[in-house]
There are 2 protein chains.
Amino acid sequence: MVTIGDVARVAGVSRSTVSYALSGKRAISDQARRRVEDAVRELGYTPNAGARALATSQTMVIGLLARFLEDEFAPAMLQYMLGVSNTARELGYDILLSTEEDGARALRRMSDSRMVDGVVLLNVAHEDDRLPVLRAAPQPGALVGLPGDCTGVDVFDLDFEEAGRLMVDHLFRLGHRELILVSQPEHVVERGGAYVWRLQNAAQEAARARGVTLHATFGSSRQPEIGRDLAAVLDAHPGATGLILNNEAAAAALPSLLHERGLSAPRDLSVLGRYSEEFASTFSLHYSAVESAPDRLGRMAVRQLVRRIEGEIAPDDPYVVRFVSPELVDRGSTGAPPARAPG
Amino acid sequence: MVTIGDVARVAGVSRSTVSYALSGKRAISDQARRRVEDAVRELGYTPNAGARALATSQTMVIGLLARFLEDEFAPAMLQYMLGVSNTARELGYDILLSTEEDGARALRRMSDSRMVDGVVLLNVAHEDDRLPVLRAAPQPGALVGLPGDCTGVDVFDLDFEEAGRLMVDHLFRLGHRELILVSQPEHVVERGGAYVWRLQNAAQEAARARGVTLHATFGSSRQPEIGRDLAAVLDAHPGATGLILNNEAAAAALPSLLHERGLSAPRDLSVLGRYSEEFASTFSLHYSAVESAPDRLGRMAVRQLVRRIEGEIAPDDPYVVRFVSPELVDRGSTGAPPARAPG
DNA sequence: CTGAAAGCGCTTACAG
DNA sequence: CTGAAAGCGCTTACAG
């Protein structure tokens with residue numbers, strides 16, 4: 001391979017001059033600069049990233065720890081990944097991706113062997129086994145997802161509590177007094193998927209405060225089970241006029257179910273989901289929804305992480321926990337509840 | 001950070017002894033080995049990956065060049081990525097992920113700066129601008145997707161031609177004589193999505209050979225457009241009794257459409273898709289389909305790539321082009337065509 | 001404005 | 001079986 005020494009020889013200058021000409025870290029005569037540039041072009045020189053990393057202690061690589069858990073909707077994860085990856089690239093960083101099950105191990109490997117300057121953790125659980133590893137690591141970390149303990153890390157998440165309140169409130173104002181909330185599977189909650197209960201508890205509380213009945217249930221993340229779950233919960237609560245979905249699979253399965261039953265939204269049932277624009281458009285979901293903003297969250301996490309990496313944040317600057325406010329995208333699937341059948 | 005020198009000092013041996021004790025590349029006395037192991041544990045030593053890469057010219061990293069193109073179904077790409085990533089890890093490699101638009105540039109950067117030992121290209125086009133870069137690179141590359149020119153690379157893909165024949169044949173044997181094929185958008189074909197025309201041409205030919213009428217059309221990759229496309233093509237060919245879908249969005253949109261029209265498969269229409277098991281289960285698609293095997297293709301590509309990287313393949317061993325035979329997963333959505341309406 | 005040299009943390013012939 | 005030393009390809013004080 002062509003090295004900085006080759007460039008120096010061809011340009012007739014020293015290796016340090018080549019280095020400085022390229023980095024611009026000290027003044028260089030026009031003549032030297034031109035000869036270096038020519039030599040670089042002629043030889044097709046690109047610095048060896050490993051050697052540079054060794055010399056500077058900077059890898060210009062960010063570790064991305066994705067977690068694909070059973071009972072969660074994989075395509076949703078992709079949107080977060082893309083937000084992280086694209087933003088990192090814009091800021092000059094590459095992405096080292098881990099999708100392995102044992103995220104703590106992957107993180108330890110990346111961190112201990114100094115492969116990355118910082119890491120982004122996706123799909124963070126309430127008690128996340130990657131967090132102790134991250135806190136002990138010399139590299140900074142940014143999370144997408146709110147853990148129970150946020151010390152030592154920057155945290156970004158959708159404000160799921162506000163989302164829960166917003167959804168109940170929206171339907172309440174339209175006149176609904178009996179609602180159903182279908183969340184992710186209970187299994188997700190048990191292993192620490194805090195966003196599930198954050199939304200659910202807030203929704204419950206808002207409902208109570210307004211005198212609204214809210215039937216909160218868990219649904220499967222799989223087809224066709226979730227279709228049956230939805231059917232069962234609708235049957236169980238015939239008086240419910242509004243349906244809130246914090247479960248992508250449920251949203252994807254709902255159109256078929258409504259068709260089967262000859263129901264349409266919002267005529268017979270008002271429907272409100274929580275998913276991304278991208279998801280809606282890919283799966284033809286014309287339900288109004290709280291935007292989960294995966295790309296934006298990924299972007300925020302990377303931006304903050306890079307600020308930490310590059311020392312733009314003073315060491316004693318506090319860590320942040322930043323919530324994205326839920327936005328309700330109106331696609332026309334909510335309206336006044338149907339008039340009660342006479343009698 | 002703790003270096004090999006720290007370990008050597010604590011263990012009371014030389015740095016080379018530590019290195020050899022860890023790599024096992026030369027015999028070590030039991031005593032020395034034990035002291036090294038103790039010191040490693042005590043200090044929590046992990047070799048610096050960059051330094052090791054510089055010394056060995058091996059990064060133990062594989063570049064993964066994903067391409068998310070407009071009009072293609074993003075979640076499908078994720079399955080390939082997971083196949084690649086998980087297999088790489090099993091074989092001891094990490095993944096450097098690129099999702100940027102300019103794949104050729106990303107590849108050049110990874111390759112020139114020696115960040116990777118080899119690369120996997122996903123979603124390869126007939127004329128793929130990443131290929132010239134790859135051929136000029138010192139690292140080997142494996143492709144998922146068949147390009148027009150396969151020289152210098154290992155290629156893995158589903159046998160889309162066989163898939164096209166298989167699907168037509170399957171429906172022909174059930175008695176169908178008029179079929180519809182809905183492919184990806186024409187736009188995908190125009191920019192080199194060879195799998196679209198490979199399947200379509202083979203299907204056309206098989207249909208001709210059997211005296212079957214095949215209406216080949218392109219459909220949108222987006223909702224709700226694809227729903228309208230499907231409706232239009234069904235209206236245009238009322239005599240068609242079989243529907244072949246080489247378009248994930250179409251498959252996802254079909255259930256609603258059939259419900260709307262009061263049709264069911266296979267009673268009124270036999271349906272045959274081309275997508276993965278994972279896709280089918282995530283989106284509740286109970287249509288029989290040719291399995292696109294993304295995880296398997298990703299796995300095959302990485303395995304071959306690692307063989308090349310590690311020199312298990314002799315330099316003069318020819319490059320391979322390996323097709324996965326399509327398997328038809330029967331989910332019961334095909335059957336005999338409906339009896340003709342009398343008259 | 002420039003060069004010689006040290007150093008980043010490893011691996012691996014070389015010599016014993 | 002082991003150690004001293006060279007080398008991988010960079011960057012960056014240091015000295016001029």
Side-chain angles (χ1 to χ4, degrees), chain A residues 1-37 39-40 43-61 109-117 138-139 310, chain B residues 1-37 39-40 43-61 109-117 138-139 310:
Chain A
M1 68 175 294
V2 27
T3 73
I4 198 171
D6 300 325
V7 176
R9 189 161 10 81
V10 169
V13 298
S14 72
R15 300 190 305 152
S16 51
T17 296
V18 175
S19 178
Y20 285 119
L22 260 35
S23 71
K25 287 189 184 172
R26 83 176 178 194
I28 295 282
S29 69
D30 275 0
Q31 197 204 16
R33 179 188 312 285
R34 210 170 314 113
R35 283 159 67 179
V36 168
E37 281 165 1
V40 164
L43 299 173
Y45 170 70
T46 306
N48 180 304
R52 175 175 280 178
L54 188 56
T56 61
S57 302
Q58 288 222 128
T59 63
M60 301 306 285
V61 174
R109 182 164 41 78
M110 284 184 189
S111 167
D112 284 353
S113 63
R114 300 296 199 278
M115 303 183 83
V116 297
D117 294 336
Q139 300 96 339
E310 301 188 344
Chain B
M1 68 176 293
V2 28
T3 73
I4 198 171
D6 300 324
V7 177
R9 189 164 6 86
V10 169
V13 299
S14 72
R15 300 190 305 152
S16 51
T17 296
V18 175
S19 178
Y20 285 119
L22 260 34
S23 70
K25 286 189 184 172
R26 82 177 179 193
I28 296 283
S29 70
D30 275 1
Q31 198 204 15
R33 179 188 313 286
R34 210 168 314 111
R35 283 159 65 178
V36 168
E37 282 164 1
V40 164
L43 299 172
Y45 169 70
T46 306
N48 179 304
R52 175 175 279 178
L54 187 57
T56 62
S57 303
Q58 288 221 127
T59 63
M60 299 307 285
V61 174
R109 181 165 41 80
M110 285 185 187
S111 168
D112 284 352
S113 64
R114 299 296 199 279
M115 303 184 81
V116 298
D117 294 337
Q139 300 96 338
E310 301 188 344

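None of these values were measured; they are calculated from a predicted model. Lettering follows sequence order; numbering is per chain, from 1.
A pairwise comparison of heavy atoms in A:Arg114 and A:Gln139 identifies CD-NE2, 3.9 Å as the closest pair. For the pair A:Val10 and A:Ala39, the tightest heavy-atom approach, listed with the atom from each and the gap, is CG1-CB, 3.7 Å.
A heavy atom lying under 4.0 Å from DNA chain D marks the following residues of residues 23-34 of chain A, by number: A:Lys25, A:Arg26.
Taking OH of A:Tyr45 as the start and CD of A:Glu37 as the end, the distance is 14.0 Å to the nearest 0.5 Å. Atoms OG1 and CE, on B:Thr46 and A:Met115 in that order, are 12.0 Å from each other to the nearest 0.5 Å. The CZ atom of A:Arg26 lies 5.0 Å from the OH atom of A:Tyr20; values are rounded to the nearest 0.5 Å. Considering CZ of A:Arg52 and OG of A:Ser19, their distance stands at 7.5 Å, rounded to 0.5 Å.
Atom CD in A:Gln58 sits roughly 14 Å away from atom C1' in D:dC10 (whole-Å rounding). In this structure, the OH atom of B:Tyr20 is 12 Å from the C1' atom of C:dA15, given to the nearest Å.
In this model, no side-chain donor or acceptor of A:Ser16 finds a partner on the base of C:dA5 within 3.5 Å. Applying the 3.5 Å distance criterion, the base of D:dG3 shares no donor-acceptor pair with the side chain of B:Thr17.
Looking at A:Asp117, its side chain does come within 3.5 Å of a backbone N or O of A:Thr59 through a donor-acceptor pair.
The shortest distance between side-chain heavy atoms of B:Thr3 and B:Asn48 does not fall below 4.5 Å. The shortest side-chain heavy-atom distance between A:Thr17 and A:Ile28 falls under the 4.5 Å cut-off. The shortest distance between side-chain heavy atoms of A:Ser111 and A:Pro138 falls below 4.5 Å.
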Close N or O pairs between protein and nucleotides 6-9 of chain C (under 3.5 Å):
from: C:dG9; atom 1: N2; to: B:Ala51; atom 2: O; distance (Å): 3.3

Check: Using Watson-Crick and G-U wobble pairs whose two distances are both under 3.5 Å, how do you write the pairing of DNA chain C as dot-bracket, with | for links to another strand?
Finding: |||.||||||||.|||

